[in-house]
Number of protein chains: 2
Amino acid sequence: MDESLPQGTTTAPQKGTVTQRAIDQIKAMIGEGRLEPGARLPTERDLATQLGISRSSMREAIRALTVLGVLEARHGSGIYVTQLEAGDLLETFGVVADLSRGPRLVELLEVRRILESTATALAAARISADQLAEVEKHLTAMNATDDPEEILSHDLAFHRAIVASAGNDTMAAILEGLSSRTFRARVWRGYQEEGAFERTRREHAAIHRALVAHDPEAARAAAASHVGEVEQWLRTQLQP
Amino acid sequence: MDESLPQGTTTAPQKGTVTQRAIDQIKAMIGEGRLEPGARLPTERDLATQLGISRSSMREAIRALTVLGVLEARHGSGIYVTQLEAGDLLETFGVVADLSRGPRLVELLEVRRILESTATALAAARISADQLAEVEKHLTAMNATDDPEEILSHDLAFHRAIVASAGNDTMAAILEGLSSRTFRARVWRGYQEEGAFERTRREHAAIHRALVAHDPEAARAAAASHVGEVEQWLRTQLQP
DNA sequence: CCACTCAGGTGGTCGGACCACTACGCATCG
DNA sequence: CGATGCGTAGTGGTCCGACCACCTGAGTGG
């Protein structure tokens with residue numbers, strides 16, 4: 001069947017590195033509810049003792065879970081479990097966008113097109129007056145300046161406000177990663193040099209109209225077309 | 001002449017922890033193309049010396065990038081950059097599914113419904129004979145057993161084969177995380193106790209028919225309905 | 001009653017030591 | 001001559017102990 005290895009403590013699969021085991025164990029503690037969101041963990045030294053490993057290895061495990069958005073270390077205070085909200089856990093999604101290039105950029109944009117068109121459709125049905133005002137604020141601000149940096153900033157906020165109105169925080173967090181600053185800046189650099197300003201402006205206006213009219217289908221089409229334009233442009237860039 | 005500037009050009013901005021800086025620098029090296037996918041990094045000791053930090057801190061940085069799927073450490077050999085493919089970077093996506101609970105599970109299922117319905121529609125248009133055979137293999141195997149464990153396994157493979165036929169690796173990797181074993185096992189436990197076997201079988205058959213007919217719209221509807229069923233069930237479970 | 005001080009505890013960093021494993025060249029054997 | 005085996009150098013993995021930087025809260029003084 002299996003082994004003849006005596007287990008020192010309760011559960012020790014004895015697989016992989018010591019650090020990896022520590023990562024899994026802490027993750028399991030949270031998954032099983034033994035550690036609530038926001039809870040404070042024992043000290044690094046205590047944790048290391050409990051799991052029978054050195055503090056160095058335990059620190060590596062904690063660092064790993066920190067970059068994953070699961071834990072949060074506060075210098076001088078302690079280690080805490082994050083709220084485990086979508087934003088916390090999906091922050092690493094931005095890394096994917098930053099490190100992707102070539103064909104994968106197109107794939108990412110395709111995913112964004114699918115999700116954002118649906119999110120925009122949902123927003124058209126659910127958006128409130130206040131949320132719509134927020135959207136309009138960034139729309140007008142975007143059209144009132146020529147600074148590319150500022151345009152990009154308001155463009156991001158424009159879409160972010162719309163997606164937030166869709167009411168699905170997880171989807172919003174994913175799209176946030178897919179629209180991260182460095183990601184868009186890379187694509188926009190060349191895209192806007194082809195006189196895409198005016199087209200972008202029209203597309204944004206179309207999206208806005210659909211939101212005002214609370215027309216999900218029109219919103220979906222407008223958003224899909226908007227992202228699709230960039231997607232198609234990028235596709236041609238890869239086939240010189 | 002270096003400090004008091006918002007951002008340095010070459011040297012470190014002296015922000016955050018030393019380890020975090022190391023993480024960013026390595027990430028930047030890869031992003032700027034100074035480290036190609038599959039390339040071998042200098043040794044931990046050399047890297048630590050280059051960045052002027054201790055080996056312990058460097059190890060934490062490496063470990064962090066390892067769990068993110070950016071680096072891969074081979075004991076006794078060296079540290080290498082992964083191929084940076086969708087699967088490598090999106091493996092951490094499974095953590096989100098594993099640690100999510102309550103309302104966020106519904107949100108995740110909603111995202112999956114949107115993506116998988118589109119992926120299934122794409123698959124209907126593009127699927128080849130070989131790929132279709134693979135899908136059918138798992139479909140029949142799923143209907144030929146009563147072992148819940150085996151059913152779940154073939155169910156996963158069934159959808160995986162379909163999504164793979166859509167031709168978007170990034171989307172496939174995301175859906176893989178959203179359909180991870182532990183995630184589905186948690187949901188299915190209760191779902192299948194309500195006689196959902198037969199319904200699931202019919203829904204799978206409908207998806208298969210649409211694939212055979214190369215009918216994207218039917219495939220989209222069938223897939224959306226399939227995931228939506230589970231989604232709705234889960235929604236009711238949260239409102240007792 | 002409030003503000004300040006300061007000591008203890010915590011995460012952050014460092015350097016060194018040793019172990020486990022891999023890779024590669026060299027000597028050996030067929 | 002080629003294939004095999006072995007040994008060694010180099011790599012990541014682990015551990016230890018020390019010190020630093022920072023936060024917290026109890027105690028002190030006004």
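Just so it is clear: chains get the letters A, B, ... in the order the sequence lines come, proteins before strands, and each one is counted from 1.
At a threshold of 4.0 angstrom between heavy atoms, the contacts of A:Ile53 are confined to the sugar-phosphate backbone, with no base atom among them.
Regarding B:Arg45, its CZ atom lies at a distance of 12 Å from the C1' atom of C:dG15, rounded to whole Å. Between A:Leu41 atom CG and C:dG11 atom C1' there is a gap of 13 Å when expressed in whole angstrom units. Computed from coordinates, the A:Met58 CE to C:dT10 C1' distance equals 15 Å when rounded to whole Å. Regarding B:Arg21, its CZ atom lies at a distance of 12 Å from the C1' atom of C:dG12, rounded to whole Å. Atom-to-atom, CD of B:Glu72 to P of C:dT22 comes out at 13 Å; the value is rounded to the nearest Å. C:dT13 atom P lies 10 Å from atom CD1 of B:Ile23, rounded to whole Å.
Looking only at side-chain heavy atoms (C-beta outward), A:Thr118 and B:Thr118 stay at 4.5 Å or farther from each other. Residues A:Phe183 and A:Leu109 have side chains in contact (heavy-atom distance under 4.5 Å, counting atoms from C-beta outward). For the pair B:Leu178/B:Glu116, no side-chain contact is recorded, criterion being any heavy-atom separation below 4.5 Å from C-beta on.
Sequence order on DNA chain D of the closest nucleotides to B:Glu44 and B:Ser56 puts B:Glu44 first from the 5' end. If you find the closest nucleotide of DNA chain D to A:Thr19 and to A:Arg55, the one lying nearer the 5' end belongs to A:Thr19.
Listed by chain and number, the residues in a side chain to side chain donor-acceptor pair (under 3.5 Å) with B:Arg235 are B:Glu231 (sequence neighbours excluded). Under the side chain to side chain donor-acceptor pair (under 3.5 Å) criterion, A:His138 pairs with A:Glu134, A:His154, not counting sequence neighbours. For A:Tyr191, the ring pair (Phe, Tyr, Trp, His ring centres under 6.0 Å) partners are A:Trp233, not counting sequence neighbours. Looking at residues two or more places apart in sequence or on another chain, you find a ring pair (Phe, Tyr, Trp, His ring centres under 6.0 Å) between B:Phe158 and B:His204. Among residues two or more places apart in sequence or in another chain, the side chain to side chain donor-acceptor pair (under 3.5 Å) test is passed with A:Arg181 by A:Glu149.
Residues from residues 74-83 of chain A that place a heavy atom under 4.0 Å from any atom of DNA chain C, listed by number: A:Arg74, A:His75, A:Gly76, A:Ser77, A:Gly78, A:Ile79.
Legend: salt bridge (charged side-chain N to carboxylate O under 4.0 Å, His left out) pairs involving residues 66-79 of chain B, not counting sequence neighbours, sorted by first then second residue: B:Glu72-B:Arg74. For residues 169-179 of chain A, the set of pairs meeting the salt bridge (charged side-chain N to carboxylate O under 4.0 Å, His left out) definition, not counting sequence neighbours, comprises A:Arg160-A:Glu176. For residues 79-96 of chain B, the set of pairs meeting the side chain to side chain donor-acceptor pair (under 3.5 Å) definition, not counting sequence neighbours, comprises B:Ser77-B:Tyr80. Judged as a side chain to side chain donor-acceptor pair (under 3.5 Å), the pairs with a partner in residues 48-57 of chain B (not counting sequence neighbours) are, in order, B:Glu44-B:Arg55, B:Ser54-B:Ser57.
For DNA chain D, the span of nucleotides reached by chain B at under 4.0 Å from its heavy atoms goes, 5' to 3', from D:dG10 to D:dT14.
An OP1 or OP2 oxygen of C:dG12 is reached within less than 4.0 angstrom by a side-chain nitrogen or oxygen of A:Arg59. Residue B:Ser57 has a polar side-chain atom (N or O) positioned under 4.0 Å from OP1 or OP2 of C:dC14. Look at A:Arg63 and you'll find a side-chain N or O under 4.0 angstrom from OP1 or OP2 of C:dT13.
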Identify the pairs formed between an N or O of the protein and an N or O of nucleotides 3-7 of chain C at a distance under 3.5 Å, and give each distance.
none

